[in-house]
Amino acid sequence: MAAFFLFKLVVIEQFTTSPMAQTFRVVFLLFVSLSMCLSMQVMAQPGSLQNANSLTSKASLAFQDGQYQSAVRLGQQALQIATEREFPDLIWRVQVLLGESYLRLGQASLAEQAFRGAQAAVDLVNGSLSSDSVKLQFGIGKSQITARLIDFDIAANNPTQLFEDAERGRARAFVDLLTETELSLSDDRETNQRVRTLDEKIRTQRFQFSLQRPGSKRSNVIKTELNDLLEQRAKLMDQLAAINTEWAAAYSVRYATLQQVQARLATREMLVYGVSGSNPNDMDLLFVQAGSATIKRIPNGQVALNQALIEFTDAIALADKRKQEESLIRISKVLELQSWPKAESFYIVPNRQLNYVPWSAIGLGQWVSVLPNGSWLLRTVNNRAKIQGQLIVGDPDFGGELPQFRCNRLCILVIRAVAHKP
């Protein structure tokens with residue numbers, strides 16, 4: 001009905017400017033405003049999720065106006081309701097808002113506590129609650145959690161916690177990436193379906209629980225059923241991880257500890273992990289070896305590296321060998337390679353501009369491997385039968401930037417025909 005009147009209002013405004021039309025417009029707006037107020041009063045009953053959302057919106061507005069004490073007070077009220085209702089999708093958003101407010105008030109310990117609470121809640125959201133296609137709500141996003149926690153870890157010079165927070169952030173990003181993608185796990189379709197069925201039941205039970213009065217008999221029954229479903233899912237994830245780590249990582253937030261990765265590294269091997277704090281200009285690196293882990297910050301390093309990479313790509317385009325060599329030396333200086341711990345083999349987990357560094361060309365050595373995360377070192381390796389004959393990896397077009405060999409595609413077709421491969 002409201003949509004119908006709104007349509008009429010738009011039509012009247014566009015096709016007539018009569019006093020009657022203007023009067024109708026004023027009356028209609030008053031009617032809509034009153035209806036909205038009454039609806040909000042009905043919906044925003046104490047203890048309801050609607051009230052929690054309303055409090056969070058008010059807290060966000062207070063934060064934007066610089067009223068951080070008010071933002072904390074309203075946010076704590078919203079958090080209490082969301083916690084009682086066990087609604088993690090709202091908990092993490094409120095916790096981030098509280099964390100930012102505490103930072104503005106100079107209360108770093110409370111801010112870190114809030115961000116860690118947000119991290120715990122958001123893992124539940126990624127793991128089994130729902131997709132997060134809308135990354136921002138109330139002006140905040142998931143990546144902000146990891147960035148703030150990395151700041152705290154670096155300030156405390158805590159490599160162990162830094163590694164965990166960085167890994168959890170990457171694991172959440174990977175799950176988010178696959179949340180709305182229908183995976184085709186041909187190896188075990190039955191398990192694939194079991195996971196999706198459990199996820200659907202968990203989403204339903206969480207929603208039903210949020211509608212119940214706290215402490216009611218029905219609420220307790222749903223909570224018991226929900227805990228049972230979550231336990232079933234955890235066991236299923238353990239079974240998947242034992243078979244194939246990629247499957248488990250596609251369905252839940254999973255990550256290794258620093259100690260596990262260190263135990264995997266051999267002597268003279270080193271993991272170089274790029275982490276992203278709240279300042280996008282700084283370059284933060286975590287060096288992990290079998291017996292040590294250290295943190296290095298290069299102020300304004302990302303900006304300087306970006307400029308050096310631009311010079312390098314320009315030199316390639318101009319086919320200027322001297323400038324290519326000079327730009328590679330500059331990249332090495334920006335990264336401060338001379339101050340890195342000594343190693344012969346490198347695993348690189350890049351971030352931001354580090355994704356575009358030509359690692360094998362800057363003096364690290366011949367053995368450099370780029371990984372999506374540190375936990376990749378612990379992946380289970382499936383035994384595969386050796387392929388007899390030729391293995392065709394691909395027919396690259398180099399992003400359209402570099403010309404292909406003219407016989408590339410023809411050679412592949414000929415080899416495939418000779419090898420009788422489909």
What are the two closest non-hydrogen atoms of [X] and [Y], and how far apart are they?
X: Pro341; Y: Thr294; result: CG-OG1, 4.3 Å
X: Ala78; Y: Ala52; result: CB-O, 3.6 Å
X: Ile362; Y: Leu337; result: O-CD1, 3.3 Å
X: Ile145; Y: Trp92; result: CD1-CE3, 3.7 Å
X: Gly374; Y: Leu271; result: CA-CD2, 4.2 Å
X: Ala71; Y: Ala62; result: N-CB, 3.9 Å

Would you check if there is a donor-acceptor pair between the side chains of [Y] and [X] at a distance under 3.5 Å?
X: Gln144; Y: Glu100; result: yes
X: Gln324; Y: Asp320; result: no
X: Ser375; Y: Glu167; result: yes
X: Thr160; Y: Glu164; result: no
X: Asp228; Y: Gln232; result: yes

- Message: Strictly by ring pair (Phe, Tyr, Trp, His ring centres under 6.0 Å), give each pair with a member in residues 54-86 just once, sequence neighbours left out.
- Response: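 Every ring pair (Phe, Tyr, Trp, His ring centres under 6.0 Å) pair that includes a residue of residues 54-86, provided the two are not neighbours, is Phe63-Tyr68.
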- Message: Considering only residues two or more places apart or on different chains, which pairs with a residue in residues 258-290 satisfy ring pair (Phe, Tyr, Trp, His ring centres under 6.0 Å)?
- Response: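 Qualifying pairs: Phe163-Tyr273, Phe287-Trp340.
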Donor-acceptor pair, [X] side chain versus [Y] backbone, under 3.5 Å?
X: Asn281; Y: Val303; value: no
X: Gln76; Y: Arg73; value: no
X: Thr224; Y: Asn220; value: yes
X: Gln119; Y: Thr146; value: no
X: Asp151; Y: Gly277; value: no
X: Ser292; Y: Gln289; value: no
X: Gln260; Y: Thr257; value: yes
X: Ser332; Y: Leu328; value: yes

Quick check for you: to the nearest 0.5 Å, what is the distance between [X] atom [atom1] and [Y] atom [atom2]?
X: Leu305; Y: Met283; atom1: CG; atom2: CE; result: 4.5 Å
X: Leu74; Y: Thr56; atom1: CG; atom2: OG1; result: 9.0 Å
X: Arg330; Y: Glu311; atom1: CZ; atom2: CD; result: 4.0 Å
X: Asp284; Y: Ile298; atom1: CG; atom2: CD1; result: 9.0 Å
X: Lys58; Y: Ser54; atom1: NZ; atom2: OG; result: 4.0 Å
X: Leu97; Y: Leu79; atom1: CG; atom2: CG; result: 10.5 Å

Please tell me if the side chains of [X] and [Y] come closer than 4.5 Å, counting only heavy atoms from C-beta onward.
X: Ser327; Y: Asp314; result: no
X: Ile81; Y: Leu55; result: yes
X: Glu225; Y: Val221; result: yes
X: Glu336; Y: Ser339; result: yes
X: Asn53; Y: Leu90; result: yes
X: Val349; Y: Pro372; result: no
X: Tyr347; Y: Trp367; result: yes
X: Val272; Y: Trp359; result: no

- Crowded around Gln259 CD? As in, over 12 foreign heavy atoms under 6.0 Å?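 Yes, CD of Gln259 has more than 12 neighbouring heavy atoms, counting only those of other groups under 6.0 Å.
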With the threshold set at 4.0 Å, does a side-chain nitrogen-carboxylate oxygen contact exist between [X] and [Y]?
X: Asp153; Y: Arg297; answer: no
X: Asp165; Y: Arg116; answer: yes
X: Arg148; Y: Glu112; answer: no

- Take Ser345 and Met270 through the test side-chain contact (heavy atoms from CB on, under 4.5 Å) and record every step on the way to the result. CA-CA 6 Å; Ser345 302; Met270 183 166 70; over 6 Å; no
- With sequence neighbours left out, write down each residue that passes side chain to side chain donor-acceptor pair (under 3.5 Å) with Gln67, or none if nothing qualifies. none
- Task: Evaluate the criterion side-chain contact (heavy atoms from CB on, under 4.5 Å) for residue pair Gln69 and Leu105; output intermediate values, then yes/no.
- Result: CA-CA 8 Å; Gln69 293 285 5; Leu105 294 171; 4.0 Å; yes
- Item | Residue of the set Leu98, Val96, Ile91 for which side chain to side chain contact (heavy atoms under 4.5 Å, CB included) holds with Val94 | Leu98
